[in-house]
Each structure stands twice: as structure tokens, then as C-alpha cells.
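In what follows, a structure is listed as C-alpha cells, so that the remarks can point back to it.
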Amino acid sequence: MDFLYIDVISRKILNEILQYRRPFNLPSMTLEEEEEIILKVHLPRVKAFLIQSKPIMFILPAFPAKSPNSKKVLGKLPDMAEKLSLVFLNSLCERIKVYYPPGAEMIICSDGHVFGELIGVCDGIIDDYQDKLNRLLCELELNYISIFNLSHVEEFNTSNNCYNHSRKLLVEKYSLAIEVIKKQLTGSEDGLSLYRAITRFLYEDSLLPNYSGSKNALQKNARQRAVGVIQHSWAWGNLLAEQFPSAIRLSIHPQPVSSLKIGIHMMPTCDNWLTPWHGVAVQINGKFILMKRSEAEEMDGKLIKINEEPSHYII
């Protein structure tokens, strides 16, 4: 076994990911210093795959459902923003295969049903979103990507559409109590950053065009739901760690450098927290960037439809 070869290839694989990292940008550390710490955390885990000559397994909890706020997105189903992101993830695996023949696989852990009513989206709409994702994988021939969700775990099987029961079981088995989570969040700057970001997302998603209540009430509600979202997210993460113990864990949120998760962007964006299901794809000078729908319209973006369905904007 050529351990120098393993080290070189493992670093190449991680560098493919780190090009697209969502950094915390802590003022006390440069990006290079951050990434050196990340390599120390993840190199042994990548090397374990190479030693066994197995495909690198990535898991990415993501693609839950579109935001319910029409100021941010075009509709309820995946559009160009999701298409471009899926193609990017597949190409990441293709590039790895060029210099590591066993290649890589990307498991998208679609987590919409993990959150359900907490994110203001009904389970039927989440089902439609996931069905369209699966169709896109086939239509675009994205052979390195698969989708995993609650229904793939026998004890949480949702074939009877009893998602509330599945969520309850998930939290009971894999989560900490709300009060413990609150204490952990308020005990670190990383925790507070996560809490504030989730609160902002929930507040924006709830600020619908027909909302007539006070913004203070909406903000309070968003803060309460944010802790619940984090509780369910951590429960989902614990289940995934049990299901895929050796996988390299990616995230759609910025992550601390010592984390077992690496935050990545799937599309260029100026917002470190924006995701394809909270925004729209906008083509500017031939290149796509992710932004909120309201921002694209303020820039006089032209709406493009594909097969009569809203897809993206061109500016």
C-alpha cells in the first residue's frame, strides 16, 4: 500500500470540496489556516476509503422543500436552482473519479419531512418536491447521486403518510431536550450564529405577502420555531451518523473548522446562508448566481419558463 499516494489523492479529494466551502470567516484565522485544520479532521476519514479502495461516500442533508415565501422563490417545485445544484454535485463525483478510479457517490438526505410544520410547508408539498427531485436525477442522468429520506428507515417508514408520528419518534430517539439545546446554542458563538441564521430564515419565510400581523409577533414565533428546527436537524444528523458512520458529511450551512461537517456552496451566491430552495437561479452575463426572487425582480430580471413552468431569470 503506497501511503504517499493515499495522502496525495486524499488531499486532492478534499481540495475539490474546499473550493466551494462556506466559511465562518472568523477574524482570528485566515482561510488557509481554517482549511489546514479541516484537513486534519477529515484526511483520516477520506484515507479510510482509499485504503479499502472503496468509493468515497458523501452525505448531504439538503433539498427539503421550497420556501413558502413567493418573494424568495418561483414556486413549490424544484427549478433551475435545484437543477444546477444537482449537476454540480454529480460533477464533483465525476471529477474525483478522474484521479481516483473507485470514484465517489453523493447521497442527498432530503430532510423536508424531518421538519414539516416547523418550516411552514405541508407534507404533501414536500412529497411533490421530492418526487420531482427523483425525476430530475433520471432526466439529467445524474448517476452518482441518490436520495435518502425518512421512509428508507424501517422504524420511520412513512408509507402510511403519518409524518407527525415519524417526526415524534425521530426526536424521542435521537434528540436532546429543548432546554438542553437552548443552553448549548447560547453557550457558544457558533451556536448563536446558527440560531440567528435559522431564525432569520423562518422569519423571512413567514413574512408572506398576505400576512397582516405584527412583525414582532412573527419574529417571536420564528425564534421559538428555530430551536425546534435545530432540535429536529440534530436528531436527523444523529440518525444519519448511525446509518452512514463512515461517510464524509457535507452541509449547506457554514461550519466551524473543527466540525465533522464541511459547509459547501452548490451555486455562486453573495449570501453565505442562501440555498437553492430559498432563492432563484439568475443568469447574468452568461453565468448563474443564486439570489432571492425579489432581488432578481428589482434588477428587472426576465422570467424564463421551461415547459410552461417558471425556471429562472435572465438579467
Side-chain angles (χ1 to χ4, degrees), residues 20 22 25 62-88 110-112 115-122 125-126 128-129 132-133 136 193-226 229 251-254 263-315:
Y20 309 102
R22 295 181 187 249
N25 287 336
F63 299 90
K66 282 291 194 184
S67 164
N69 192 336
S70 59
K71 292 182 179 179
K72 299 173 74 173
V73 298
L74 284 171
K76 297 177 181 179
L77 295 176
D79 51 37
M80 184 62 75
E82 277 86 358
K83 286 181 185 178
L84 292 171
S85 299
L86 291 172
V87 168
F88 161 76
S110 185
D111 47 8
F115 305 108
E117 74 281 354
L118 284 169
I119 58 173
V121 182
C122 73
I125 290 175
I126 295 169
D128 292 341
Y129 182 88
K132 181 65 181 291
L133 281 181
L136 284 176
S193 294
L194 175 63
Y195 171 70
R196 290 166 184 152
I198 299 299
T199 298
R200 175 168 67 92
F201 273 130
L202 293 174
Y203 172 76
E204 290 177 350
D205 282 0
S206 301
L207 197 57
L208 304 176
N210 60 351
Y211 178 73
S212 58
S214 74
K215 290 187 177 181
N216 285 339
L218 206 60
Q219 184 73 30
K220 181 179 179 181
N221 177 265
R223 286 196 295 266
Q224 291 171 343
R225 286 188 292 134
V229 166
S251 173
I252 46 86
H253 298 310
I264 63 164
H265 284 291
M266 295 178 287
M267 282 184 64
T269 176
C270 296
D271 185 332
N272 213 22
W273 290 86
L274 194 61
T275 65
W277 45 95
H278 281 97
V280 296
V282 182
Q283 191 177 37
I284 303 177
N285 296 326
K287 295 183 179 180
F288 278 100
I289 187 170
L290 189 65
M291 63 177 67
K292 294 173 185 174
R293 177 181 181 176
S294 59
E295 295 171 336
E297 291 179 344
E298 287 170 4
M299 297 173 70
D300 295 326
K302 178 185 176 183
L303 178 62
I304 302 299
K305 292 184 177 183
I306 296 179
N307 297 326
E308 301 303 317
E309 294 292 332
S311 172
H312 61 282
Y313 286 94
I314 291 181
I315 295 176

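All heavy atoms count here, side chains included; hydrogens, waters and symmetry mates do not. This is a predicted model, so every value here is computed, not measured.
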If we only count heavy atoms from C-beta on, is the [X] to [Y] side-chain gap below 4.5 Å?
X	Y	answer
Lys132	Glu82	no
Leu74	Lys66	no
Lys302	Ile304	yes
Leu290	Pro276	yes
Met267	Phe288	yes
Leu86	Leu133	yes
Arg223	Tyr195	yes

Legend entry - Lys72/Phe201 under side-chain contact (heavy atoms from CB on, under 4.5 Å): CA gap, chis, key distance, verdict: CA-CA 11 Å; Lys72 299 173 74 173; Phe201 273 130; 3.8 Å; yes
Atom pair [atom1]/[atom2] of [X] and [Y] - distance to nearest 0.5 Å:
X	Y	atom1	atom2	answer
Ile126	Lys76	CD1	NZ	12.0 Å
Phe63	Thr275	CZ	OG1	9.0 Å
Leu274	Ile252	CG	CD1	10.0 Å
Trp277	Ile119	CH2	CD1	11.0 Å
Leu118	Ile198	CG	CD1	11.5 Å
Thr199	Leu194	OG1	CG	9.0 Å

How far apart are the closest heavy atoms of [X] and [Y], and which atoms are they?
X	Y	answer
Pro254	Asn272	CG-ND2, 3.6 Å
Gly120	Arg225	N-NH1, 4.4 Å
Phe115	Val229	CE2-O, 3.3 Å
Ser67	Asp205	OG-OD1, 2.7 Å
Val121	Pro68	CG2-CD, 4.1 Å
Thr269	Ile289	CA-CG1, 4.0 Å

Inset, instruction - Answer yes or no: is there an ion pair linking Glu204 with Lys71, defined by an N-O contact shorter than 4.0 Å? - result: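 Lys71 and Glu204: not salt-bridged.
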Legend entry - Geometric class of the Trp273/His253 ring pair [parallel <30°, tilted 30-60°, perpendicular >60°]: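 Because their plane-to-plane angle lies in the 30° to 60° range, the rings of His253 and Trp273 count as tilted.
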Legend entry - Listed partners of Asp271 passing side chain to side chain donor-acceptor pair (under 3.5 Å), at least two apart: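 By the side chain to side chain donor-acceptor pair (under 3.5 Å) rule, Asp271 matches no residue at all.
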For residues 305-315, which side-chain N or O atoms pair as donor and acceptor with protein atoms under 3.5 Å away, sequence neighbours left out?
{"unit_1": "Tyr313", "atom_1": "OH", "unit_2": "Arg293", "atom_2": "NE", "d": "3.2"}
{"unit_1": "Tyr313", "atom_1": "OH", "unit_2": "Glu297", "atom_2": "OE2", "d": "2.9"}

Legend entry - No-hydrogen, no-angle side-chain donor-acceptor test under 3.5 Å, Asn69 and His278: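 His278 and Asn69 do not have a side-chain donor-acceptor pair below 3.5 Å.
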